[in-house]
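Okay, so here's the structure we're looking at.
Note on naming: letters A, B, ... go to the chains in the order of the sequence lines (proteins, then strands), and numbering restarts at 1 for each one. Worth knowing before you read on, the calculation uses all heavy atoms, side chains too, and leaves out hydrogens, waters and symmetry mates.
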2 protein chains.
Amino acid sequence: MTAPSPQVLLVEDEPQMRRFLRVALEGAGYRYLEAATGQEGLNLAAQHRPQVILLDLGLPDMDGLDVMAHLREWCQAPVIVISARGQEADKVKALDFGADDYLTKPFGTSELLARIRVALRHADPGAAEEPVFTLGRWRVDLAKRQVLVDGQEVHLTPLEYKLFITLIRHAGKVVTHRQLLKEVWGGVAGAQPLYLRVYMTQLRHKLELEPSRPTYLQTEPGVGYRLRTEE
Amino acid sequence: MTAPSPQVLLVEDEPQMRRFLRVALEGAGYRYLEAATGQEGLNLAAQHRPQVILLDLGLPDMDGLDVMAHLREWCQAPVIVISARGQEADKVKALDFGADDYLTKPFGTSELLARIRVALRHADPGAAEEPVFTLGRWRVDLAKRQVLVDGQEVHLTPLEYKLFITLIRHAGKVVTHRQLLKEVWGGVAGAQPLYLRVYMTQLRHKLELEPSRPTYLQTEPGVGYRLRTEE
DNA sequence: CTGAGTCCTAACAACGTCTTAACGCCCGCC
DNA sequence: GGCGGGCGTTAAGACGTTGTTAGGACTCAG
């Protein structure tokens, strides 16, 4: 249930700096894009919509502040400026042009990463989507660990819930007995095929309209079970 | 209708620095508040809800990071840390604790003002949030650290309160035992699952109508606890 | 030193969950 | 038509988890 790792765009012309930052960013688990010119940076930003942009002001083709001005016309992603120039006037200009932070070279990897985390935190509030699975009269909120049937909350025990979301993960497909036992009971020993029958019964009673004539929690005789999805 | 000029809270003990910043901030047209200690800073923040907070880490009464931790329990206002310590590790720690920016002394007035403008830009969209949580007969003022039940103030001990607002922060979602212990007790060792049971009992006695039949502070057996929200 | 307040710990009671077993049903096969 | 295997259903006991209470250790202020 982990979100895909955030994508960072680096706009920087010096190869040495690029290498250094690539290592730092990929090491921290970010997806990584790079551009050597302002124009290329703008193109990549438009194409990939990165969550954070690192922008060097000293680019060969256009002024860094112009890049930012263009970016800001349509893009809200936080921009962290990276520059060799530490003059206060430069910082003020960049920040007032829309930069969210300004780092003067040389700087340490861990500070950069911390400032990227701050930038992501700012961008986050809009990006917090809840993973919810709906099917027929059911509504399963994976984040809240809550199951609703016709808007009514239904309580599932830990094993019931685990079995249920295992079927949801493979919704539509048949899941074999063996696979279910492994994923829910964790590969421990025992006369376990019986467990499945017991727990499927319980699930059907809690979730199905007619437990004896299940609409969704279907048996695949001799193979396993399957959560039917609408077609 | 012109918005009133933003209010800035400065938490700083050195008189000289205070004088310097007062001139800078008032000169820039901000309304201005100052506190010489962490405690005073927290009180002023709760009373006045400033748009930006400037926080010196070297305070006489408490650690600057503790001030931030307390602040962040209820307050989303951007915090710009001002510190004499320029070590990278200090910066990273402060930023990860919730600071939005970190300035090392000495710094120029215009850079500070530019960074305040950035902070205000960030704060603007979601600025209208009241740090008050209400649910059923409860009313929790996160800024004042005050809990009312049917308008009656109820006293919670520090740990009770921390546990309670942790559940509030994840309202509706199940919070696992492990997560609660980590967030409330801070990952220290011990036979801790018991703590949760004891403190949940106490919370229920102070907050629920029928402590033995809790309406909101619900147990999710085998998993954790959850603050039920109306649906 | 005393008292108030808070936190941790231990013991026991109460509860929910998991496992297990027994039985009934349906269906295909001999 | 009888038999057996796979599946569904139910209930009951074992087991672990959770709720509750009370007492002792500790800190802090007066």
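- Proximity of B/Tyr195 to the phosphate of C/dT9: a side-chain N or O atom is located under 4.0 Å from OP1 or OP2.
- To the nearest angstrom, P of C/dT6 lies 15 Å from OH of B/Tyr161.
- For the pair A/Val223 and B/Gly222, nearest-nucleotide mapping onto DNA chain D gives the more 5' position to A/Val223.
- If you find the closest nucleotide of DNA chain C to B/Pro221 and to B/Glu160, the one lying nearer the 5' end belongs to B/Glu160.
- Regarding contacts with the backbone of D/dG8, every side-chain N or O of A/His205 stays at 4.0 angstrom or more from both OP1 and OP2.
- Residue B/Thr219 is classed as a sugar-phosphate contact, given heavy-atom separations below 4.0 Å to backbone atoms only.
- Using a 4.0 Å heavy-atom cutoff across all strands shown, A/Leu159 reaches sugar-phosphate atoms only and no base atom.
- The aromatic rings of A/Phe164 and A/Trp138 stand perpendicular to each other, their planes meeting at an angle above 60°, with 30° marking the opposite boundary.
- Ring orientation note: the planes of B/His177 and B/Tyr225 are nearly perpendicular, at an angle over 60° on the 30°/60° scale.
- Atom CD in B/Glu220 sits roughly 13 Å away from atom C1' in C/dT17 (whole-Å rounding).
- Close to C/dC18, at under 4.0 Å from its OP1 or OP2, lies no side-chain N or O of A/Trp185.
- Rounded to whole Å, the distance from NE2 on A/His177 to C1' on D/dG8 is 12 Å.
- Along DNA chain C, the nucleotide nearest A/Leu156 and the nucleotide nearest A/Val198 are compared for position; the residue whose nucleotide lies closer to the 5' end is A/Leu156.
- A salt bridge between B/Arg139 and B/Asp150 is absent, with no side-chain N of the basic residue lying under 4.0 Å from a carboxylate O of the acidic one.
- A/Tyr199 has no side-chain polar atom (N or O) that falls below the 4.0 Å cut-off from OP1 or OP2 of C/dT20.
- In this structure, B/Arg213 places its CZ atom 14 Å from P of C/dA14, rounding to the nearest Å.
- As rounded to whole Å, 15 Å separates atom P of D/dT18 from atom CZ of B/Arg226.
- A close approach under 4.0 Å does occur between a side-chain nitrogen or oxygen of A/Thr201 and OP1 or OP2 of D/dT9.
- Rounded to whole Å, the distance from CD on B/Gln192 to C1' on D/dT17 is 17 Å.
- Taking 4.0 angstrom as the limit, B/His155 places none of its side-chain polar atoms (N or O) nearer than this to OP1 or OP2 of C/dA4.
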Under the criterion side-chain contact (heavy atoms from CB on, under 4.5 Å), I'd like the reasoning laid out for B/Tyr30 against B/Ile116: C-alpha separation, chi angles, the key distance, then a yes or no. CA-CA 10 Å; B/Tyr30 295 115; B/Ile116 289 178; 3.8 Å; yes
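- Relative ring orientation between A/Trp185 and A/Tyr195 is described as tilted, the plane-to-plane angle lying within the 30° to 60° band.
- In this structure, the nucleotide among C/dT9, C/dC7, D/dG8 sitting nearest to the side chain of B/Pro158 is C/dC7.
- Ion pairing between a basic and an acidic side chain is recognised when a charged N comes within 4.0 Å of a carboxylate O; B/Glu220 and B/Arg226 show such pairing.
- Following rounding to the nearest Å, B/Arg197 (CZ) and C/dA11 (C1') show an atom-to-atom distance of 11 Å.
- In this structure, A/Glu210 places its CD atom 16 Å from P of D/dG8, rounding to the nearest Å.
- Here B/Tyr225 lies in heavy-atom contact (under 4.0 Å) with sugar-phosphate atoms only.
- Here B/Arg204 reaches the OP1 or OP2 of D/dG19: one of its side-chain N or O atoms lies under 4.0 Å away.
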